[in-house]
Novice: 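The structure is given below, and queries will be raised subsequently.
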Amino acid sequence: MSGTPEGPVHPEPAETHTAEPALTERHLARRAAELSDCRAAFRVAQLAMAVVDENGVVVLANDSFGTLLGSEPAALREQAAADLVDLASDGRTWHAYREVLGGRRSRFRCTRRLKHADGRSLWAEVTVAPVPDSRRVLLSIADISDRRELHARLRHLQMHDPVTRLPNRALFFERLSAALEAAAQDAAHAEPVVPSHESHESYESYGYGRTGRIGLCYLDLDGFKAVNDTLGHRVGDRLLAAVATRLTECADSDGYTRNGGHLVARLGGDEFAILVEDSTGTEQLADLARSVLDALQRPFDLGGQRLSVSASIGVVERAAPGTTATALMQAADTTLYWAKADGKARWTLFDPERNAHRMTRQALSSTLRPAVERGEFALEYQPLVDLTDGAVRGVEALVRWNHPQFGSLAPNRFIGIAEEDGSIVELGRWVLDTACRQARQWQKDHPRERPLFVSVNVAVRQVWDSDLVADVAGILAETGLAPHLLQLELTESAVMGSNGRPLQALQALSDMGVRIAIDDFGTGYSNLAYLSRLPVSVLKLDGSFVRGFQDEEHANPADELIVEALVHLAHRLGLTVTAECVETAGQASRLRRIGCDTGQGWLYSRAVAPDRIAELIGTEPLPV
């Protein structure tokens, strides 16, 4: 047996103990060299850096950090890093910074505005990240002032109009949205307190920074297109720039202005807006609008060329919470339209009641055409009474719209809309057909009585946009109504200016045997020479003449002389005369004495349903 011991052979302990110290020394030397290199790189790095301990105190700062703030690196040690780079100025940044210091967050980055020791400001991007295997964090700060300046220049170009140098539409809506959002946030925390009256002194004496209200003057130049068309776009651009200067002066001189003045913007073309944040009421906006009108009415001297312009301004002022940029601009646009419609060169304040009427009108316009197909219209009839014996000679058909939302609507609520959008053609054809069928039905039901004629109003657009002659001929043939029992009423302004196709249509209808009446006579052209050339058989005197007969004790002799002259003239031309709006027996008596043929009004009857008219046929004459 050999003398070697049993079991595994282990290396000599002496060999192990002699190798380990040599390996550690090499490792430490390498780590020391690396650390020395890191410290050298830290000191000479172009990026400003600082090592911060777990309490937020600067342990070490490099030269670039000192240069960035205008201080020696050694002087930055033992200072709070948050104070040096403004990390405690807002709660969100401060919380994120504390999270990194406590090891609960890996890193965060923010942009801060810092102060150099010489007083100038600079923008810096600050990054805070943990140092590996340490409770310390590394603060690195990059100077991005040049980048910010370039971005600001590009944004200014993007957000400003090149012609007037004013903020453009994009910046205007950005500012408007921000103002409304700020007002909404304020309202969510506290109710705004407004002084009891709107004087500048009372507002400032209370010292309130916000009113929770917003105002807008929205304007465009009257006739600016003519300037561009006649003098060229170069002169037009110079005029726009001059207008922008005056608008800015008006906004800056507003006695209520705070915080750097109101925002004046060019929204496009010749449209401008003045945004008044934290407005103090409508009086402030009205004063501003007046000053703008006065400023723009002064002539402009553009290189020796004098130009005069005016502007139309829509003014809106309201509580900011609850409104939106879209709603505010819609109200301003509507109000600007009112200012132009009212005559231009003026300012108009938004009127909720007027706007509600406009919205109703739009609702009616959008539903008018399908309403004919849905059968929402109905006819009522008002008697036309013979002033000599009180007998009902005819009826005027008056259309009513049984609207599902707004109830029964008289013709003055929707006929104008129908004429504008062209639906009057379809509606007028329905009225004509329905009225003729009803007149023929009364004739059938009362064959022994004198038949009533039916009078139907016709819009001039029906003559232009449809073949009225063919429509009338077809309806008369289909219903069996005799042509002389149909009377078509056209307004004086439509008939008196007739020529070409309308005149030919009227002549063809007259030749057919249909009677033509001029409605509201005396309110339009009153060109009597036309009466001898037009195929007219009836004049309907406007109610304004008849209303002059109401006060019998203090009657104006001139009213009676005018009516008497018109009746006499009509009779000499072979025409009959109908007086509208007869409401008293005294009026009827005087009209009969003058020689008027028929009367129509509440004295006899309001417009009623067809069955009520049937009851009048063959009964005792109405009182005259």
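Below, each value reflects all heavy atoms present in this structure, side chains not excepted, and no hydrogens, waters or symmetry copies.
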Novice: Going by side-chain contact (heavy atoms from CB on, under 4.5 Å), name the residues that satisfy it together with Asp161, two or more places apart in sequence or in a different chain.
Specialist: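 Asp161 satisfies side-chain contact (heavy atoms from CB on, under 4.5 Å) with Val163, Thr164, Arg266 once adjacent residues are dropped.
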Novice: If you look at every heavy atom in Gly422 and Arg369, which pair is closest and at what distance?
Specialist: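 The pair with the smallest heavy-atom distance is C-NH2, 3.7 Å.
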Novice: Does Glu317 reach the side chain of Val276, with side-chain heavy atoms less than 4.5 Å apart?
Specialist: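 Result no, sub-4.5 Å side-chain heavy-atom pair not found.
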Novice: Using ring centroids (six-membered ring only for Trp), state whether Phe377 and Phe414 fall under 6.0 Å.
Specialist: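 When the ring centroids of Phe414 and Phe377 are compared, they turn out to be within the sub-6.0 Å range.
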Novice: Is there a donor-acceptor contact under 3.5 Å linking the side chains of Asp520 and Thr491?
Specialist: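 Per modelled atom types, Asp520 and Thr491 side chains form no pair under 3.5 Å.
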Novice: Please answer whether the main-chain N or O of Leu240 pairs with a side-chain N or O of Asp237 as donor and acceptor at a distance below 3.5 Å.
Specialist: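 No, Asp237 side chain to Leu240 backbone: no donor-acceptor pair under 3.5 Å.
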Novice: Is there a donor-acceptor pair under 3.5 Å between the side chain of Asn62 and the backbone N or O of Leu47?
Specialist: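 At least one qualifying donor-acceptor pair exists.
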Novice: Please report the C-alpha distance between Ile415 and Leu427 in whole Å, then the side-chain angles of each, then the deciding distance to 0.1 Å, and finally whether the side chain to side chain contact (heavy atoms under 4.5 Å, CB included) criterion is met.
Specialist: CA-CA 9 Å; Ile415 290 298; Leu427 177 59; 4.2 Å; yes
Novice: Below 4.0 angstrom, N of the basic side chain to O of the carboxylate: do Asp220 and Lys340 qualify?
Specialist: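 Judged by the 4.0 Å cut-off on N to carboxylate O distance, Asp220 and Lys340 do form a salt bridge.
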Novice: Before accepting this row, confirm whether a basic side-chain N of the pair Arg92/Asp90 lies closer than 4.0 Å to the acidic partner's carboxylate O.
Specialist: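 So Arg92 does not pair with Asp90 through a salt bridge.
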Novice: For the backbone of Ala363 and the side chain of Ser366, can you confirm whether one donor and one acceptor N or O come within less than 3.5 Å of each other?
Specialist: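 Between the backbone of Ala363 and the side chain of Ser366 there is a qualifying donor-acceptor contact (under 3.5 Å).
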Novice: Scan Val59, Val57, Leu101 and name whichever one has a side-chain contact (heavy atoms from CB on, under 4.5 Å) with Arg136.
Specialist: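 Of all the options given, the one that passes is Val59.
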Novice: Considering residues at least two apart in sequence or located in another chain, which fulfil the side-chain hydrogen bond (donor to acceptor under 3.5 Å, both in side chains) criterion with Asn355?
Specialist: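 So Asn355 forms a side-chain hydrogen bond (donor to acceptor under 3.5 Å, both in side chains) with Arg358.
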Novice: Under 3.5 Å, side chain of Thr245 to main-chain N/O of Ala241, donor-acceptor pair present?
Specialist: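 Checked: pair present.
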Novice: Regarding Arg246 and Asp294, does a basic nitrogen lie under 4.0 Å from an acidic carboxylate oxygen?
Specialist: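 Looking at Arg246 and Asp294, the cut-off is not met.
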Novice: Taking atom CZ of Arg234 as the centre, report whether more than 12 heavy atoms of other residues, nucleotides or ligands fall under 6.0 Å from it.
Specialist: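 Counting neighbours around CZ of Arg234, 12 or fewer heavy atoms of other residues, nucleotides or ligands fall under 6.0 Å, so no.
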Novice: Would you call the rings of His160 and His156 parallel, tilted or perpendicular, taking 30° and 60° as the class edges?
Specialist: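 Taking His156 first and then His160, their aromatic rings lie parallel (interplane angle under 30°).
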Novice: Using a distance-only test with no angle check, is there a side-chain donor-acceptor pair under 3.5 angstrom linking Ser89 and Arg112?
Specialist: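 Yes, side-chain donor-acceptor contact under 3.5 Å.
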Novice: Please determine whether the number of non-hydrogen atoms from other residues, nucleotides or ligands lying under 6.0 Å from atom CZ of Arg165 exceeds 12.
Specialist: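 Counting other residues, nucleotides and ligands, CZ of Arg165 stays at 12 neighbours or fewer.
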Novice: Are more than 12 heavy atoms from other residues, nucleotides or ligands located less than 6.0 Å from atom CG of Asp118?
Specialist: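 For Asp118, atom CG is crowded (more than 12 foreign heavy atoms under 6.0 Å).
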Novice: To the nearest 0.5 angstrom, please state how far the OG atom of Ser121 sits from the NZ atom of Lys115.
Specialist: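 Between atom OG of Ser121 and atom NZ of Lys115 there are 5.0 Å.
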Novice: Is Phe406 atom CZ crowded by more than 12 heavy atoms from other residues, nucleotides or ligands, each under 6.0 Å away?
Specialist: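 More than 12 heavy atoms, drawn from other residues, nucleotides or ligands, come within 6.0 Å of this atom.
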Novice: Answer yes or no: is there an ion pair linking Arg148 with Glu125, defined by an N-O contact shorter than 4.0 Å?
Specialist: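 Salt bridge absent between Arg148 and Glu125.
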Novice: On a heavy-atom basis, which atom in Gln284 and which in Ser279 lie closest, and how many Å separate them?
Specialist: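 Looks like OE1-CA, 3.3 Å.
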Novice: If the plane angle is over 60° it's perpendicular, under 30° parallel, otherwise tilted; pick one for Trp338 and Phe350.
Specialist: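 Answer is parallel, since the angle falls under 30°.
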